[in-house]
Chemist: 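Okay, here's the structure, questions in a sec.
Order of the sequence lines fixes the chain letters, A, B, ..., with proteins taken first and strands second; residue numbering starts at 1 for each chain.
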Amino acid sequence: MQQLDPVIFFFLLGLGAGLLRAEMRLPAAVYELLTVVLLLSIGIKGGVELAEADLLRIVPQLAIVVVMGLALGLIAFGILRLARGLPRADAAAIAAHYGSVSVGTYAVAVAFLDTRQVFYEGYAAAFVVILEVPAILLGIVLVRGLRPTHGWGSVLHEVFLGKGVVLLLGGLLIGLVAGADQIAPFEPFFFDAFKGILAIFLLDMGLVAASQAGTIRKHGVFLLLFALGFPMVGAAVGGFFAWMAGLSLGGALLLAVLGASASYIAAPAAMRLSVPEANPGLSLTASLAVTFPFNVIVGIPLYYGVLSILYPGGGGLS
Amino acid sequence: MQQLDPVIFFFLLGLGAGLLRAEMRLPAAVYELLTVVLLLSIGIKGGVELAEADLLRIVPQLAIVVVMGLALGLIAFGILRLARGLPRADAAAIAAHYGSVSVGTYAVAVAFLDTRQVFYEGYAAAFVVILEVPAILLGIVLVRGLRPTHGWGSVLHEVFLGKGVVLLLGGLLIGLVAGADQIAPFEPFFFDAFKGILAIFLLDMGLVAASQAGTIRKHGVFLLLFALGFPMVGAAVGGFFAWMAGLSLGGALLLAVLGASASYIAAPAAMRLSVPEANPGLSLTASLAVTFPFNVIVGIPLYYGVLSILYPGGGGLS
Amino acid sequence: MQQLDPVIFFFLLGLGAGLLRAEMRLPAAVYELLTVVLLLSIGIKGGVELAEADLLRIVPQLAIVVVMGLALGLIAFGILRLARGLPRADAAAIAAHYGSVSVGTYAVAVAFLDTRQVFYEGYAAAFVVILEVPAILLGIVLVRGLRPTHGWGSVLHEVFLGKGVVLLLGGLLIGLVAGADQIAPFEPFFFDAFKGILAIFLLDMGLVAASQAGTIRKHGVFLLLFALGFPMVGAAVGGFFAWMAGLSLGGALLLAVLGASASYIAAPAAMRLSVPEANPGLSLTASLAVTFPFNVIVGIPLYYGVLSILYPGGGGLS
Amino acid sequence: MKRMLLTVITEQALERPLIRCVLDTGARGYTITDARGLGHRGLRTADFEQGGNIRLEVICEEDIARKIADALHHRYFQDFAMVLFIQEVEVLRAHKF
Amino acid sequence: MKRMLLTVITEQALERPLIRCVLDTGARGYTITDARGLGHRGLRTADFEQGGNIRLEVICEEDIARKIADALHHRYFQDFAMVLFIQEVEVLRAHKF
Amino acid sequence: MKRMLLTVITEQALERPLIRCVLDTGARGYTITDARGLGHRGLRTADFEQGGNIRLEVICEEDIARKIADALHHRYFQDFAMVLFIQEVEVLRAHKF
Ligand SMILES: Nc1ncnc2c1ncn2[C@@H]1O[C@H](COP(=O)(O)O)[C@@H](O)[C@H]1O
Ligand SMILES: Nc1ncnc2c1ncn2[C@@H]1O[C@H](COP(=O)(O)O)[C@@H](O)[C@H]1O
Ligand SMILES: Nc1ncnc2c1ncn2[C@@H]1O[C@H](COP(=O)(O)O)[C@@H](O)[C@H]1O
Ligand code: NA
Ligand code: NA
Ligand code: NA
């Protein structure tokens, strides 16, 4: 078995402390700050790499990734409606979460590759931004049709002006325009401290996941199975699209992880206001208390192991 | 045109996000923390430089800077009273803001010089502390005369025991007493991470400026013109006093920027309690939503361009 | 006289600002974040060192340290009951605070040794975790006997699942399992930035100590004397146990400082719920507003000076 | 006319629409504090995305209070965590409200 | 039956036991905001370990409010900083409480 | 004598003078929560220097409540954002207040 990256230990520490009801909490303001820094860091790093990449190769990849987001959302929706007959709104809301992505999971996957010194397309942060959007729009259309209650203006506002898209995209643009040289003075804060900040973030996520754990039982076994099973489907879909886009093994892992991960920043906010009749507890519990821990602890090494063997150019397990 | 320092992009990102009403906020606690760290960083850095400087040369410079603060306040007050006939209290309050200084603007100017590797008097942070005070006292005297309502004790408390003076002065003293060697272990946090922390601070300032933008219209065109025009006057005054004090080109830019900038930490707090009948919206909107963005985006490179040509020893635009 | 470590200046700055009622506050969220980072940093560093240490030597040392915690609690309780006849509950609560330890004081002592490049047992963080517990349990037993009101379950929960033990122990385990190599990417955040973060923490502690200072008078001279005198006793006890455990001079200083210091994280929380009839103001004022400043400013250099002369292998004052 | 204090405890996500509703109905101000709590829709703590509650207070004339209550009832009670209560209060400078 | 708003201002450290007491007594929900203050037991500010207060609100039937008040009085008034007051309120969807 | 709950919503900058006024007038305690809001003097959010509001509560005898209201009216209403309202409440251990 591959050893866990130590950053995971912080998640486990938070999870354990939360489950044991330890007297510890990280205030909401800390969570906000950490999220802002993580999103900006990832965006800026991606932007710096984008500045050096071949845009002609990237644009088609971005288009492929949009299709992937829609595909993931549709597959999730199909499974939830057919296998279980969940109400349309709930199925669509969960599909929006699983078609979209988790930035925290992405950050752990990047740390995983960095530790193993595996090459990956550095501009993959652009995929994260892109994937935030289509599945959420799809989820809304699946319930509201092409005429959302408060009009498209308000829907697009929710989707494109959430913290996730704004900060990732903003970071990307800053990195792109400024380039590596000008970003250098920001490195100690945004890059060197990254893993420490990610550690505190994961500690916090562990506490949050623990606080949600109690509600898993309430939502039944099917949701649990979906939250554990869909990541495998999503990772396979991500791996397939990575192959279509011609990514390296590292890039394929990142896209697989994005496929496997479920949003807990952009999607909950957007769906709450656009499809309020969906039970927000269902999707948040699934993505946060089950899928996130699963991906971070089991999923990432698992997908990497499988891709190492199956992915063209993967070259077997090292 | 000179390229913008990337730190400005963070301000623009915040401003844009705010104007588009993006779902993003940085909690008050984060703003407090960033302010404390910035003030201490600037103070400590100045103190370390002060420890190595020739005090005999500096003391007269500090005296010159006190005069400059009073001059700026009087000029601003004159303009506001004569050109527009603003009520005495409002004119005095705005004059106190513009005679005092903005630490955030100063930090951006320092980053500007560092990026261009232009020399400046490292102890200039001492000027920031000094300039915080005289214009605020002047503003109070202009309204209350020499007998403030609650006595001088309470006024001096407001002015000298605000966060700005305490942390800048505290940092200066710590840097001065400890010296470069003993400060070395603090460098990763206070100096290396500085630009990243400044970036988050500017992101936040952008959000705040955007939230104030709506009130500009309410206060009329004159205030807008003042907030855009006075910085030019202030920069010229700052440049003049820099020349009198015998500063280098870099030091002259810093003093010009201090002259051009308006306080939004020390002055609002002090004026609110000492001259409560002044409308706090007027001065805060002007300094925060107009003058701060103007200086940070347009002003600093502009003043530097002009000083490069006109300032004795400036040696033309590089 | 030995020069003060500059980190102390931040405490003095906070204390001064607080006593002068400066307009400055660090929000509760900032304090929480700083505490979490400090506890984790200390724990991880200790864990990394533990990974390389000889466990056979350490286990008996840990046992010795447990005895030391009980001894300190009993001595404090005895003094308070005999010399003054304080009510049993109050005496026990204060004894629990003084038998337990202050992580902030420990961090300052480590900084003190680092600055002087004095060797110490790096795994001493394990002593901090160990010492958190016994005196608190003792304090509860001294009031409740062997049958606490809400049962042992709830007492053990309070004692072992407080923030202090969880994060220190968690950090220790992470450092131990991951080892120095894997922890390397976390160094910029947890180790390099440590002294800066400690500085902000001490600034905050200064503000808090100042806000408590007013209550010292209320509690009378005896409490003041105890809070100033017991640290000397505690340091002597710590030095003695360090000698028993065969620690180096640096390790002896750390154990002396732990003996001299009083808890303000774990003990107040646990005692409040387990011995609510004790006046929490007494113990918190003593440990926070008197003992903490005393140790940090006077105590650490003093204990080091004495140990340098008396401690076997100390080798005299350098 | 009597002045009422209307208090609404609801999801953070509703802050902007709620404010719009309150002002559109004719109230001249509002006050918000952050809160957390438990109700029929489960636990709502503030330490996560959209997780917390807000506590909104509006002082206004009785008929406006009733109109706001009706509007909120109509629009949000079905799908959102929300509690609403009304008290009579004595206000200084009552004409302001 | 009348619906009452019970407000308790007390030490942060009591948050968990208080919630348990409130729910055990039969209330169906609660709301908490963070607070600071001064009373007989001195100043309680939020910027330190266990230093702050919480402000807990419960809407419930009158008899439950009285039971909660009694229980808190009995268990905590002796040793903890605590203030408790009760008001009658008009609640939308009163059957919920 | 009746016990009243006096609530003041005002600018953060007034926290210290307000507390002094309340205690000088004879009240024995107070509770403060942080707030934000909108009123005649515009929007007051908490995310900037001096920008936010506080919400101060005082439980006291009726005449003290009136005296505090008068004092605040006199000193601050002209120049500061401030709202003040009074309710009757039933308090446990009323003699404390
Ligand atoms: N009985 C109650 N007393 C006080 N607050 C309540 C009560 N019930 C619900 N709340 C608050 O109102 C919010 C929404 O309630 P609900 O719609 O019942 O989930 C909860 O999160 C609580 O903060
Ligand atoms: N007269 C009062 N008015 C409003 N709040 C009070 C009053 N007295 C006490 N409090 C609050 O209740 C808490 C506990 O009060 P006490 O038990 O008197 O120390 C205080 O910290 C205050 O927040
Ligand atoms: N009608 C109202 N209802 C509730 N709170 C109000 C109302 N009007 C004003 N406030 C609050 O009181 C503060 C000061 O009000 P004002 O003096 O009208 O600006 C505002 O910032 C609000 O927080
Ligand atoms: Na996904
Ligand atoms: Na100026
Ligand atoms: Na001790």
Side-chain angles (χ1 to χ4, degrees), chain D residues 1-37 44-47 52-62 64-65 68 72 84-97, chain F residues 2-12 14 18 21 31-47 51-60 62-90:
Chain D
M1 200 178 199
K2 288 199 288 187
R3 289 306 178 287
M4 310 302 269
L5 171 66
L6 172 110
T7 305
V8 184
I9 300 163
T10 190
E11 309 183 13
Q12 232 170 55
L14 286 186
E15 178 158 339
R16 284 185 190 173
L18 215 68
I19 289 175
R20 221 175 304 129
C21 170
V22 162
L23 297 181
D24 286 354
T25 316
R28 316 266 279 274
Y30 62 83
T31 297
I32 294 178
T33 45
D34 292 317
R36 53 190 183 279
R44 303 189 53 80
T45 54
D47 30 58
N53 283 338
I54 55 170
R55 185 180 185 283
L56 175 104
E57 290 174 304
V58 181
I59 301 165
C60 53
E61 299 186 343
E62 184 166 8
I64 292 181
I68 295 175
L72 295 183
L84 188 157
F85 55 89
I86 299 182
Q87 293 160 281
E88 195 180 335
V89 285
E90 181 190 333
V91 186
L92 229 71
R93 298 196 296 185
H95 59 274
K96 266 182 68 172
F97 300 94
Chain F
K2 289 198 288 186
R3 289 307 179 288
M4 310 302 268
L5 170 65
L6 171 109
T7 307
V8 185
I9 301 163
T10 191
E11 310 183 12
Q12 231 171 54
L14 287 185
L18 215 67
C21 171
T31 298
I32 293 178
T33 46
D34 291 317
R36 53 191 183 278
L38 173 104
H40 289 220
R41 287 179 186 265
L43 193 66
R44 302 189 54 80
T45 54
D47 29 59
N53 283 338
I54 53 170
R55 184 180 185 284
L56 175 104
E57 290 174 303
V58 180
I59 301 165
C60 53
E62 184 166 8
D63 58 341
I64 291 182
R66 306 246 168 253
K67 269 191 217 150
I68 296 175
D70 282 354
L72 296 182
H73 192 164
H74 183 68
R75 284 185 221 167
Y76 300 115
F77 268 36
Q78 176 98 15
D79 292 329
F80 290 91
M82 184 176 278
V83 156
L84 189 157
F85 55 88
I86 299 182
Q87 293 160 279
E88 194 179 336
V89 285
E90 182 189 333

Chemist: With a 4.5 Å heavy-atom cut-off, do D/Asp34 and F/Arg36 have their side chains touching?
Modeler: yes

Chemist: From F/Thr7 OG1 over to D/Ile59 CD1, what is the distance, rounded to the nearest 0.5 angstrom?
Modeler: 8.5 Å

Chemist: Quick one: what part of F/Leu72 sits under 4.5 Å from any heavy atom of chain D, side chain, backbone, both or neither?
Modeler: neither

Chemist: Under a 4.5 Å heavy-atom cutoff, which of F/Met4, F/Glu88, F/Arg66 has the most pairs with chain D?
Modeler: F/Arg66

Chemist: So, for D/Lys96 and F/His40, which heavy atoms are closest and what is the spacing to 0.1 Å?
Modeler: O-NE2, 3.1 Å

Chemist: What part of F/Ile9 is in contact with chain D, defined as an atom under 4.5 angstrom from a non-hydrogen atom: side chain, backbone, both or neither?
Modeler: side chain

Chemist: Is chain F contacted by the side chain of D/Arg3, its backbone, both, or neither, given a heavy-atom distance below 4.5 Å?
Modeler: neither

Chemist: When only pairs under 4.5 Å are counted, which of D/Val89, D/Leu5, D/Val91 shares the most heavy-atom pairs with chain F?
Modeler: D/Val89

Chemist: Side chains of F/Leu38 and D/Leu23, heavy atoms from C-beta outward: is any pair under 4.5 Å?
Modeler: yes

Chemist: If only atom types and distance count, is the side chain of F/His73 paired as donor or acceptor with the main-chain N or O of D/Leu92 below 3.5 Å?
Modeler: no

